[in-house]
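Read through the structure below, which is laid out as C-alpha cells, and then see the notes.
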There are 2 protein chains.
Amino acid sequence: MEEITALLKQKGLKVTPQRLAILNFLMHTNEHPTAETIYKKLVSDFPTMSLATVYKTLEVLKNTGLIQELNVGEGSFRYDAKTTPHPHIVCLGCGKVEDLDESIFKDLLEEVKKHTDYKVVGQKLYFYGYCPACQKKMNN
Amino acid sequence: MEEITALLKQKGLKVTPQRLAILNFLMHTNEHPTAETIYKKLVSDFPTMSLATVYKTLEVLKNTGLIQELNVGEGSFRYDAKTTPHPHIVCLGCGKVEDLDESIFKDLLEEVKKHTDYKVVGQKLYFYGYCPACQKKMNN
DNA sequence: GTGGGTGCAAACAGTTTGCACCTGG
DNA sequence: CCAGGTGCAAACTGTTTGCACCCAC
C-alpha cells in the first residue's frame with residue numbers, strides 16, 4: 001500500500017482512503033472493471049463510498065496517467081492500471097476482457113505513420129473472439 | 001438508389017423511405033456519423049423521421065451486416081457502411097474519424113492467433129493523433 | 001389484409017455536475 | 001485552517017422500449 005501512497009503523492013494528489021482503495025484495486029486485478037464494478041467491490045469495505053467519487057477518482061487517475069480507459073464497444077468504459085499501450089481481447093461469449101502481449105504490434109505504428117499524414121500519438125487495438133471456456137460451452 | 005433497394009431486399013428487409021435514406025447516406029459519406037448526426041442530416045428531407053427510427057434502423061442494418069458500428073472511445077457509437085474490417089484514425093483535435101488502409105495489418109491476425117487460445121473472429125484498430133489541419137492550428 | 005416498420009413519449013443506463021460538508025496536509 | 005475531496009441528489013446524454021398507428025408487400 002505504500003507504493004500506492006507514493007504514486008499518488010508523486011502526482012501531487014491528496015491521499016484519501018477512497019483513492020487508495022480504487023487504485024489498489026485496479027493494480028491488483030486483471031479483469032478490466034467498469035466504474036460500477038469497482039464501486040460494488042468497494043462499498044462493502046467503504047460503506048460511505050459513492051459512485052460519483054469512483055467516477056471523479058477515475059477521472060483524475062486517468063488524467064495523471066496512472067490508469068487508462070478502455071472502450072471495447074459496450075455502453076460503458078473499463079479501466080486498466082496497466083498503462084503501457086497493449087492490445088486487448090474481448091470474449092464475445094462471457095464479455096471478459098484480457099490482455100494480449102504487446103509484442104504483437106512491434107512494427108504496426110511505423111506502418112501506420114507511413115500511410116497517413118496524421119501526427120500519431122496513440123493506439124487502441126481490440127480483438128474479439130471466444131475464450132476457451134466459452135468455446136467448450138458452445139460445443140456441448 | 002436501385003442498388004440500395006436491392007441490398008435491403010436481398011437481406012429480406014422491407015424497403016422503406018427511412019431505411020433507404022439512412023443506408024444511402026451512410027454509403028455516400030466517409031465521416032463516420034453518429035445516430036444523432038444521421039438524424040439531423042435527414043430530418044430536413046424527412047420531417048417525420050424520428051431518432052428512435054434511426055436507432056432501430058441502424059440496429060437492423062448492423063445485424064444484417066450492411067453496416068458496422070464503431071466506438072472510438074466517445075460516449076456514443078459511430079456507423080460505417082464500409083464493412084470490411086479496416087483501421088480508423090481519430091483526430092484528437094477536431095474529433096473526425098478517417099479510414100486507414102487495411103494493408104497495414106496484413107499479418108496482425110496471424111500474430112494474434114499465435115499468442116492466444118481464443119477463437120478470434122474480429123478486430124477493431126483505432127489510432128489517435130492530429131490531422132494536418134489541426135497540426136497547423138497548433139503551430140500558430 | 002397483415003406483419004413488420006415507424007414515431008412519439010416515456011424509461012433506462014452510464015456518466016457528470018452542483019453544492020454542502022468533511023478531511024488530509 | 002483551508003484547498004481540495006467526498007457524497008448525495010439531481011441533471012444530462014445517448015440509447016432502448018412500449019404501444020398505437022401506418023404502409024410495403
- Query: Are B:Tyr128 and B:Leu125 in one and the same hydrophobic cluster, where Ile, Leu, Val, Met, Phe, Trp and Tyr link if side-chain heavy atoms are under 4.5 Å apart?
  - Reply: no
- Where the side chain of B:Ser76 is concerned, which of D:dG5, D:dC25, D:dG14 is the nearest nucleotide? D:dG14
- State, to the nearest 10°, the angle formed by the axis through the first five base pairs of the helix from C:dG1-D:dC25 to C:dG25-D:dC1 and the axis through its last five. 40°
- Message: Enumerate the ring-ring contact (aromatic ring centres under 6.0 Å, His included) contacts for residues 28-87 of chain A, please, sequence neighbours excluded, ordered by first and then second residue.
- Response: A:His32-A:His88, A:His86-A:His88
- Message: Rounded to whole Å, how long is the line connecting atom NZ of B:Lys40 with atom P of D:dT13?
- Response: 11 Å
- Note on the structure: In whole angstroms, the gap separating P of D:dG14 from CG of A:Asn71 amounts to 14 Å
- Message: Whether B:Glu59 and B:Lys56 form a salt bridge (side-chain N of Lys/Arg under 4.0 Å from carboxylate O of Asp/Glu) is what I want to check.
- Response: no
- Item | Spacing of CG belonging to B:Leu51 relative to NZ belonging to B:Lys40, to within rounding of 0.5 Å | 9.5 Å
- Task: Would you classify B:Glu59 as touching base, sugar-phosphate or nothing, given that sugar-phosphate means primed atoms plus P, OP1 and OP2, and contacts are heavy atoms under 4.0 Å?
- Result: nothing
- Task: State yes or no: do B:Val112 and A:Val72 share one hydrophobic cluster built from I, L, V, M, F, W and Y residues joined by side-chain heavy-atom distances below 4.5 Å, directly or via other members?
- Result: no
- Query: Do you know the tightest heavy-atom contact between B:Met49 and B:Val43?
  - Reply: O-CG1, 3.8 Å
- Can you pull the contact range of chain B along DNA chain C, 5' to 3', using atoms under 4.0 angstrom from its heavy atoms? C:dG3 to C:dA9
- Item | OP1 or OP2 of D:dG5 under 4.0 Å from side-chain N/O of A:Thr57 | no
- Message: Nearest 0.5 angstrom please: A:Thr57 OG1 to A:Leu23 CG, how far?
- Response: 10.0 Å
- Query: Tell me: CG of A:Leu58 to P of D:dG5, nearest whole Å?
  - Reply: 14 Å
- B:Glu36 or A:Tyr39: which one's nearest nucleotide on DNA chain D is closer to the 5' end? A:Tyr39
- Nearest-Å distance, NZ (B:Lys14) to P (D:dC22)? 15 Å
- Query: Within this structure, what is the CZ-to-P distance between B:Arg78 and D:dT15, rounded to whole angstrom?
  - Reply: 11 Å
- Between B:Met27 and B:Ile67, is there a shared hydrophobic cluster once you connect ILVMFWY residues whose side-chain heavy atoms come closer than 4.5 Å? yes
- Taking a hydrophobic cluster as the set of Ile, Leu, Val, Met, Phe, Trp and Tyr residues connected by side-chain heavy atoms closer than 4.5 Å, whether directly or through intermediates, do B:Tyr126 and A:Ile89 fall within one such cluster? no
- Message: If you assign B:Leu13 and B:Phe77 each to the DNA chain D nucleotide with the nearest heavy atom, which residue ends up on the more 5' nucleotide?
- Response: B:Phe77
- Message: Can you work out whether B:Ser50 or A:Val15 has the more 5'-proximal nearest nucleotide on DNA chain C?
- Response: B:Ser50
